[in-house]
Amino acid sequence: NNGLAEGDDYINITGTNLGGVTQVLFGDTDAANIIEMDANNLIVVTPAHAVGTVDVKVVTSSGDVTVPNGFTFYSTPSAPTALKATPADRQVSVAFTKANPNGSPITNYEYTTNGGGTWKAFSPATTNSPVTINGLTNGTAYRVGLRAVNEAGAGKASTFVTVTPATAPGAPRNVTATPLNGAAKVSWKEPASNGGSEITEYTIKSNPSGKVCTTAGLTCTVTGLTNGKTYTFTAVATNNIDTGPTSAPSNGVTPRTTPG
């Protein structure tokens, strides 16, 4: 048998010669109430007790009987801990340290994306880390938390972590090159979408030769080019999630020396 650590559960004890019961003990704690039905049946109201499994001792006028590990007191689970949320495209993955089940197996976890305002159970049920929360909006910040569920109900909430789902940015637009002496100045426009995460770097690459420059801005000078040779340039954008697709190539330019 098992019941809530808060007590006040009604349980049935069956046996023989149960008439004249004087005491029922759950571990060292007296039952909250004893209701004799007949010589073979008792209804006992459980006391409040710490979580765990205890012996049950029935004391009668003719002797006593102990049932080893006869009853388990359980409660709602403890809070999950050490949450770590990793953003992805319209979802987040949350790793965590499992909650203590407190006497009753955990059957599922619930999650919140608004700091505990509402909770939703994972479907299908899961008891393992990490968990994935889907259906989110890229670029929107969420306050994510977890709580475990067992037979007693939903347990304490974890601390909340803030995370913003995102994906890789789009391709830079309108890449334009201007020739210089042994170099080219390349400019472009931001992608139509940053993927929900601020762009941290652009990388420009020449074709041919594969000369590269990087910048956080919207212009960059590619050096090390050969005068008299024609080049085009492509750009990619990188945010905190990933690097996006390559842009369309720029116009072709031919670096040259400055007359004079």
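Only heavy atoms go into these numbers, but all of them, side chains included; no hydrogens, no water, no symmetry mates.
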field: Verdict with reasoning, S104 to N2, per side-chain contact (heavy atoms from CB on, under 4.5 Å)
entry: CA-CA 9 Å; S104 178; N2 55 45; over 6 Å; no

query: Going through the checks in order, is the side chain to side chain donor-acceptor pair (under 3.5 Å) test met by N114 and T112?
result: CA-CA 6 Å; N114 56 9; T112 180; 2.8 Å; yes

- prompt: Between F26 and H49, is the ring centre distance below 6.0 Å?
  reply: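 When the ring centroids of F26 and H49 are compared, they turn out to be at least 6.0 Å apart.
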
task: Could you list the residues that satisfy side-chain contact (heavy atoms from CB on, under 4.5 Å) with T257, not counting sequence neighbours?
output: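 Checked T257 against side-chain contact (heavy atoms from CB on, under 4.5 Å); matches are N181, N227.
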
Contacts of R143 that satisfy side-chain contact (heavy atoms from CB on, under 4.5 Å) - sequence neighbours left out: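 R143 satisfies side-chain contact (heavy atoms from CB on, under 4.5 Å) with F160, T162 once adjacent residues are dropped.
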
message: Give me the atom names and distance for the closest heavy-atom approach of P165 to P87.
response: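 Heavy-atom minimum between the residues: CA-CB, 4.0 Å.
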
message: Among L83, V92, L146, exactly one meets side chain to side chain contact (heavy atoms under 4.5 Å, CB included) together with V161. Which residue is that?
response: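 Only match with V161 under side chain to side chain contact (heavy atoms under 4.5 Å, CB included): L83.
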
Side chain to side chain donor-acceptor pair (under 3.5 Å) between S93 and T132, intermediate numbers included: CA-CA 4 Å; S93 174; T132 299; 4.5 Å; no

Test item: [X] side-chain N/O and [Y] main-chain N/O as donor-acceptor pair under 3.5 Å:
X	Y	value
T76	A152	no
E36	V21	yes
T60	S62	yes

query: Less than 4.5 Å apart, any side-chain heavy atom of Y109 and any of P80?
result: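 Yes; the side chains approach each other to less than 4.5 Å.
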
field: side-chain hydrogen bond (donor to acceptor under 3.5 Å, both in side chains) against D89, all qualifying residues, sequence neighbours excluded
entry: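 side-chain hydrogen bond (donor to acceptor under 3.5 Å, both in side chains) check on D89 returns N138.
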
query: How far apart are the C-alpha atoms of N102 and Y74, what are their side-chain angles, what is the distance that settles it, and do they pass the side-chain contact (heavy atoms from CB on, under 4.5 Å) test?
result: CA-CA 6 Å; N102 281 338; Y74 64 85; 5.9 Å; no

task: Count the heavy atoms of every other residue, nucleotide or ligand shown that sit under 6.0 Å from CD of E198, and state whether that count exceeds 12.
output: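 No.
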
task: Dump the intermediate steps for side-chain contact (heavy atoms from CB on, under 4.5 Å) on I133 and Y142, then the final yes or no.
output: CA-CA 11 Å; I133 302 172; Y142 295 90; over 6 Å; no

